[in-house]
Amino acid sequence: LINIMEHKQEARNPFFRVVDLTDTTEDPALWGKNFPMQYDGYKRTVDQIRTRHGGSEAIARTPTQVDPRSVVAQSRLEEDPRLKTMWAGYAFAVDFREERGHAYMLDDQTFTERQQVVKQPGTCMHCHASVYVPYKNLGGRDLIKGFEKMNHMPYSEARKLVSHPVACIDCHDPATMALRVTRPGFIEGIRALKASQGIQNYDVNAMATRQEMRTYVCGQCHVEYYFKGPEKRLVYPWAKGLKIDSIMAYYDETEFKDWTHAETKAPALKAQHPEFELWNQGIHARSGVACADCHMPYKREGALKISDHHVRSPLLNINRACQTCHKWPEEELKARAETIQERTFRLRNVAMDALVDLINDLKMVRTADSTNSALATAQQYQRKAQFYLDFVEAENSTGFHAPQEAERILGESINFSRKGQVALRTLLTGK
Amino acid sequence: LINIMEHKQEARNPFFRVVDLTDTTEDPALWGKNFPMQYDGYKRTVDQIRTRHGGSEAIARTPTQVDPRSVVAQSRLEEDPRLKTMWAGYAFAVDFREERGHAYMLDDQTFTERQQVVKQPGTCMHCHASVYVPYKNLGGRDLIKGFEKMNHMPYSEARKLVSHPVACIDCHDPATMALRVTRPGFIEGIRALKASQGIQNYDVNAMATRQEMRTYVCGQCHVEYYFKGPEKRLVYPWAKGLKIDSIMAYYDETEFKDWTHAETKAPALKAQHPEFELWNQGIHARSGVACADCHMPYKREGALKISDHHVRSPLLNINRACQTCHKWPEEELKARAETIQERTFRLRNVAMDALVDLINDLKMVRTADSTNSALATAQQYQRKAQFYLDFVEAENSTGFHAPQEAERILGESINFSRKGQVALRTLLTGK
Amino acid sequence: MKIQSTVTVFLSIVVGLAIGVGSYTFIYAKGGSYLTNDPAACANCHIMNEQYDGWLKSSHHSVAVCNDCHTPPGFVPKYLTKAENGFWHSFAFTSGDFHEPIQIKERNREVAEKACRKCHQEIVDAIEAPHGEGEQISCLQCHREVGHP
Ligand SMILES: [Ca+2]
Ligand SMILES: [Ca+2]
């Protein structure tokens, strides 16, 4: 009885505003007072459970002075040492782990060994902390100014200005709880993208639909990016489009490189978590299915339906994440996703072998004759092959977000790697 | 008004049995007396309409003594001359056209120029004519015996025994109109496949479900095949499975080859219309969607729903073929299919270039030194690359039946071609 | 003047015919079923059989009839919608001139969207409240099959 009455109460007045939330209320615990169910889910992103290709595994470690974490995710470098060859000379070859829940984002960034080998700029913070309030403070209430200022700082200094992983205020307007985009990188990136499609001055917070926002809030971070120029401005390379070919063209045009490959001297690129970009090429995007539909599906709590703020692999939550749209049994849906992933993983391995072969060849030829004129051609092939492969490798759905496109990209990567090998040998034989 | 009355009438009494149909009634016109609506559709397979990648175009030609056809479908060899390089030395390099409706199957087989350059066996008839009654007659009521006998004949002799393209009796039991499989190739092929999955003595006509039969009747012909041994027995290479890798392994184990490539001497294979096999790897097959669901969708004739016997591209019939399951507008569904096809076509072109490069290299090296020990390795790569590429190329949906798998296959094909090139050059340079 | 009366006459004939044919259809095809709430009545048109069969097996079979989802709340709007749909469907059915498979039209889709909220307002308060009168999410994007597949 009491239960029913409670339910009725809740229903009529879904949320009790216990605390006054303002545009400077950063601490999610405070927001949690008004929205305890969402907050409960949010806190559960500490869970670590592995799926066949996703989730993450909790690996115990002995905390040290420089790295006080007692639990990390499994090392991807140990799982596949070919990655070290691909990233030779870049910080990723030192430490690269499976990503885990949002709760860890700030710590994992602060303590990754990558920080110990390279001095990073404050730009990094954009996607690993609740930066909305710090940006606003730094910029004298001007978000973009604050962003620019933090980009300029060394990481260690910027680190002192933030205190939470992504928090409620990063996705929500405190007054209405409506979604909003708070990240300059996305605001500018999507504006450039829309401009390339003929839509000028796109203002995401004013012009996006609610359903689009259910993707865009994730697209704030789950995207390919680079640091532009000496100001280390965070830029999403979308000015020519979201397809890999457009992104490649963009980087080629500006002759951007992330680093010089240690063993081959190729001007290499590192792709990073292009979930938004790949999703965009898939059938779910085309059908209007947003990130939140699968990663934050509605769930019933008492008499209410709320969004599951335990953001995680949908394969750990198939009944809510998939079954409202797909009436297949859970096991079957899992098998479908895994069939797609296995197929991707298989061609990814073919592509990885091809790339390693090219790198070995390049190394060998360079050692023999570093002025060989085929080197430049082969290095360009490596640059391309590597970026294409990494685009699928670094994307975290193992192809699920756009199965056919993922294989297409890998197919092209294989072509680049092997053509690089052929080019090297052609010059050697003169044929 | 009349319309409504008719509807009510029809609903009560679907078919009038005007003619007695027996197991020897071959002429579809007779069946058509009982089932005029199905017969009307059946006759319409003479239509020629092009879709972006399918259908067919009616090309006028001047009839000649050897080839009295006044209309044919467009030449695929003219559309893409690289095909001639791939098939050098094989009849397909002489004449290969876009396939068209069932009404043409007998004529197109009889008069293709391929017949003029190679003497074909009676086996060919299996899929291009109504052979059920002829087989039965030849074998003294024993279907398999008749099949074997016709396989042995020269084509021209077998040709005299048949008179119709695929007809009602090839798919239907005349007594009940239930679907049935009449083709020995499929009966034996699916038995071998099931045996490999642990199911012994599979009898397709007794054990398949109705929904399976809605695919199997098409699988009688729309499959990869070869002529085994001197008896030229028609065999579907499924004893290890339906995936391309299993089929390749099957051919490699028996060291089967269709012909020796004229320019490279590689022991080459020709893949032929593996619609059934590719469909099997796709999400529609997995969801239980049969060939007939898309290519013979139900259509309303008055109050009746009948299967559209105008077998054709579903993209010419989207509302019935797709919209029963997908509530998207027609234009959108077409765009979805074409997006898949464009992506396939693009990687197919990359794979085709790679193969042509390998063939050219092989030719060059053979000319220079025909005892070179890298040749054998490179020829094996050509054999594989070519079969993988052709599996997608010869499959008629341009990837639609299994989009991700099609790209996977093309990716592997590219790898084989380019590795072949590398192998050739490695030997030349000793590296 | 003359033109006008010709038009009037013409129009009267057309309207008269429409009404005549419409009512004939209406009666003969048991179009009166539009006026009841009995789902079986909708299935008087064989063309509604698919939805009827689907509805019989649906989660809403015991809780909602066709009209709960396909007519707006309130007596007048309800019967207006019925009249409009009834007329057009009878007309379409008789002439045989309609898109197959039948597609819900925007107006009726909105009616259905509202219907979901009619019964489920409370449970979706939480996901709708933040958006006030603003843009609402479409229930049908995830639940289009609850009434019938
Ligand atoms: Ca993970
Ligand atoms: Ca065709």
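Note: hydrogens, waters and symmetry copies are ignored here, and every other heavy atom, side chains too, is used. Letters A, B, ... are given to chains in the order of the sequence lines, protein chains preceding strands, and every chain is numbered from 1.
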More than 12 non-hydrogen atoms from neighbouring residues, nucleotides or ligands closer than 6.0 Å to NZ on B/Lys334, yes or no? no

With a 4.5 Å heavy-atom cut-off, do B/Glu412 and A/Ile414 have their side chains touching? no

Winner by heavy-atom pair count (cut-off under 4.5 Å) against chain B, out of A/Asp245, A/Leu410, A/Asp353: A/Asp245

Heavy-atom proximity to chain B below 4.5 Å, by part of A/Ala402: neither

To the nearest 0.5 angstrom, please state how far the CZ atom of B/Arg343 sits from the CD atom of A/Glu407. 11.5 Å

Is it true that A/Glu342 and B/Arg408 have a side-chain N and a carboxylate O under 4.0 angstrom from each other? no

Throw together a table of side-chain donor-acceptor distances under 3.5 angstrom for residues 354-364 of chain B, partners on residues two or more places apart or in other chains.
| residue | atom | partner | partner atom | Å |
| --- | --- | --- | --- | --- |
| B/Asp357 | OD2 | B/Arg418 | NH1 | 2.8 |
| B/Asn360 | ND2 | B/Val356 | O | 3.4 |
| B/Asp361 | OD2 | B/Gln421 | NE2 | 2.9 |
| B/Asp361 | OD2 | B/Arg425 | NH1 | 2.5 |
| B/Asp361 | OD2 | B/Arg425 | NH2 | 3.3 |

Sort A/Thr344 into side chain, backbone, both or neither according to what part of it lies under 4.5 angstrom from a heavy atom of chain B. both

Run the numbers on A/Thr339 and B/Gln281 for side-chain contact (heavy atoms from CB on, under 4.5 Å), then give the verdict. CA-CA 10 Å; A/Thr339 302; B/Gln281 301 307 315; over 6 Å; no

Given that the side chain runs from C-beta out, which part of B/Ala406 has a heavy atom under 4.5 Å from chain A: side chain, backbone, both or neither? neither

Output the option from B/Glu332, B/Arg286, B/Lys419 having the highest count of non-hydrogen pairs under 4.5 Å with chain A. B/Arg286

To the nearest 0.5 Å, atom CD1 of A/Ile340 lies from atom CD of B/Gln404 at 6.0 Å

Counting only non-hydrogen atoms closer than 4.5 Å, does B/Ser287 touch chain A with its backbone (N, CA, C, O), its side chain (CB onward), both, or neither? both

Taking heavy atoms only and a threshold strictly under 4.5 Å, list by residue number the residues of residues 376-395 of chain A that touch chain B; give 'none' if the list is empty. none

Calculate, to the nearest 0.5 Å, the distance between atoms CD1 and CD1 belonging to A/Ile283 and B/Ile283 respectively. 11.0 Å

